[in-house]
Engineer: 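Encoded as structure tokens, here's the structure I'll be asking about.
Below, chains carry the letters A, B, ... as their sequence lines are ordered, and counting in each starts from 1.
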Number of protein chains: 2
Amino acid sequence: MVVFAGQGDARRSIALLWRETGAVPARPAPGPKPALSVDAIVDAGIAVADAEGMAALSMRAVGEHLGRTAMALYTYVPGKNELVDLMHDRALAELPTGYDLAPGWRAALTSWAEDTWAFYLRHPWVLQVSQARPVLGPNEYVALETVLRLLFATELPASAVRRIVGTLFHFVRGAARTVAESRLAAATTGVSDEEWWQARSSVLGEVAPEFPHHFPLLVRLETEGAAPATDDEVPHLEREARTTFDVGLTVLLDGIEAAVDRNR
Amino acid sequence: MVVFAGQGDARRSIALLWRETGAVPARPAPGPKPALSVDAIVDAGIAVADAEGMAALSMRAVGEHLGRTAMALYTYVPGKNELVDLMHDRALAELPTGYDLAPGWRAALTSWAEDTWAFYLRHPWVLQVSQARPVLGPNEYVALETVLRLLFATELPASAVRRIVGTLFHFVRGAARTVAESRLAAATTGVSDEEWWQARSSVLGEVAPEFPHHFPLLVRLETEGAAPATDDEVPHLEREARTTFDVGLTVLLDGIEAAVDRNR
DNA sequence: TGACATTACTTTATGGCGTAAGGAGATGCA
DNA sequence: TGCATCTCCTTACGCCATAAAGTAATGTCA
């Protein structure tokens, strides 16, 4: 599922995101006192999505988590899309902002990428929120401003910074997505990555026996390129993904460094 | 929606993917002749997904496209997940394979990235198929072998190639995803990116008037870093995304080059 | 105090989804 | 001719988001 920013009443969604506290109701309104709140609903939504994944995030599930029906949420939130926007922006508040630039932009960007990676793995459902039309909540802006500060320290021109920040996000999100999806698949199917690969490759050996002949480089990648298996608690393929992240980050930063050198 | 590879009977899914033609039915079976075929269904699925997006891909929609009910498809295909796997592998067949390495690996990889980017934009739904447990169809392997051939030309060790290929895919998929989601949002909401940003930023000016003070670098990015608007047919933000792709690719290839130089 | 507006929340209903179950009709072989 | 086998259909179930209408609680005002 890809979730777009709420398309309904733009004014209302944005006001919700920025928690327009203005227009405080002077006199108390009639009717029963609200037992829920936007914050409580957003927290419940995050709890559900963290535990069961975005696919399991339904209005029913969130309502149930609060001892209410699905429809009760609509008193506080215009719809599911807007709820996801709010969840997204609330989650982003977790990201650190105060990176130290004294040891240089490269060290700072490395820390940023690692924190962001860890954040996505804590809240994998965030990866399903579309970046094309960003949620535009306050924390989204804070997160962007944070990484911009590190990138502007390279003294690259704004036009280059603009593109490189996109590239960094593509990379971190893509790398985290692989791990997130892998974990989700394991959780929902009860089959670990290792078991899955085992089953697949044995079937493949039957169905396509001429495989090694057609794909010699793939075989070479398997035999030469794989890290040795360890008896870690961390699943092997997850360590593999983490290594891909580290190596990819180095490549990217080397590329940025090349641009910086050219710019000097 | 994120789609995982079919988790049902592994043997059957893989046999379908590799189109196990063996065990040809010697004598014609009784019963009506099949009017559909796996191929026809896969084509219809791709047609629906290309035109309306992954979210609109339902068994009912595919059936209707063929003048059948949804349930008719289940004679040919075990379920929706397996259909998506088949669509994925069929689509991948479009990718070119014979890149010329004579002008060097960098030029070849550039062509590869551009073709892959264009492919994802032709079939944006492919980006929703999870990479964590790949579909493992024949064309998936061909596509991998293709890019491996270009990367091994760098003479980097297999372990490095293994990680860099992941990084390249993360980048290309991420960049393409932005454009794909942007187009999808425009198509489903009827609001262009430009109109959307216009509406949002005017509301934002009301709700958060102190914005420029809090996010000076974002403002700088807008004013200094943006490409001038043109009266092209291509939407402005899409050109922006394409530029991000070009710049990001350069950065990545520079990074790979740095690794190659170190390895020499 | 009683009438009434307002509010929180529930129930019910609509139209989507994937797919299980069972049935109808066509086909080929005995 | 009977029967097994096959394609394809209808129906049904339990999910989903959410529209519409109802219920009960709370406040203000006459």
Engineer: At 4.0 Å (heavy atoms only), tell me whether A:Met71 reaches a base, stays on the sugar-phosphate, or touches nothing.
Structural biologist: base

Engineer: Is there a donor-acceptor contact under 3.5 Å from the side chain of B:Trp18 to the main chain of B:Leu136?
Structural biologist: yes

Engineer: Will you find, in the side chains of A:Gln131 and B:Thr178, an N or O donor that is under 3.5 Å from an N or O acceptor?
Structural biologist: no

Engineer: Can you tell me if the side-chain N/O atoms of B:Thr69 get under 4.0 Å from OP1 or OP2 in D:dC8?
Structural biologist: no

Engineer: Any idea which of D:dG27, D:dT7, C:dC9 is nearest the B:Pro34 side chain?
Structural biologist: D:dT7

Engineer: Using the side-chain heavy atoms of B:Ala35, tell me which of these nucleotides is nearest: D:dA4, D:dC8, D:dA17.
Structural biologist: D:dC8

Engineer: Roughly how many Å is it from CD in B:Glu82 to P in C:dT19, rounded to a whole number?
Structural biologist: 8 Å

Engineer: With ring centroids as reference points, do A:Phe171 and B:Phe171 lie under 6.0 angstrom apart?
Structural biologist: no

Engineer: As a test of reading the structure: which of D:dT7, C:dT19, D:dG27 is closest to the side chain of B:Tyr76, going by heavy atoms?
Structural biologist: D:dT7

Engineer: Just how far, in rounded Å, is P of C:dA20 from NZ of B:Lys80?
Structural biologist: 14 Å

Engineer: In whole angstrom, what separates A:Lys33's NZ from C:dT7's P?
Structural biologist: 10 Å

Engineer: Measure CE/A:Met59 against C1'/C:dT14 and give the value in whole Å, please.
Structural biologist: 17 Å

Engineer: Between C:dT10 atom P and A:Tyr74 atom OH, what is the distance in whole Å?
Structural biologist: 14 Å

Engineer: What is the nucleic acid contact for A:Ala72, judged by heavy atoms within less than 4.0 Å: base, sugar-phosphate only, or nothing?
Structural biologist: base

Engineer: Rounded to whole Å, how long is the line connecting atom CD1 of B:Ile41 with atom C1' of D:dT7?
Structural biologist: 11 Å

Engineer: Rounded to whole Å, how long is the line connecting atom CG of A:Leu66 with atom P of C:dC9?
Structural biologist: 10 Å

Engineer: Between B:Glu94 and B:His123, does any side-chain donor sit less than 3.5 Å from a side-chain acceptor?
Structural biologist: yes

Engineer: Which one, D:dC6, D:dG27, C:dT19, comes nearest to the side chain of B:Ala70?
Structural biologist: C:dT19

Engineer: Could you please name the option among D:dG27, D:dT7, C:dT19 that lies closest to any side-chain atom of B:Pro32?
Structural biologist: D:dT7

Engineer: C:dG18 base to B:Arg60 side chain: any donor-acceptor pair below 3.5 Å?
Structural biologist: yes

Engineer: Using the benzene-type ring in the case of Trp, are the ring centres of A:Phe169 and A:Trp112 under 6.0 Å apart?
Structural biologist: yes

Engineer: Base, sugar-phosphate, or nothing for B:Thr75, non-hydrogen atoms under 4.0 angstrom?
Structural biologist: base

Engineer: Mapping B:Arg68 and A:Ser58 to their closest nucleotides on DNA chain D, which lands nearer the 5' end?
Structural biologist: B:Arg68

Engineer: Starting at CG of A:Leu73 and ending at P of C:dC9, how long is that distance when rounded to a whole Å?
Structural biologist: 10 Å

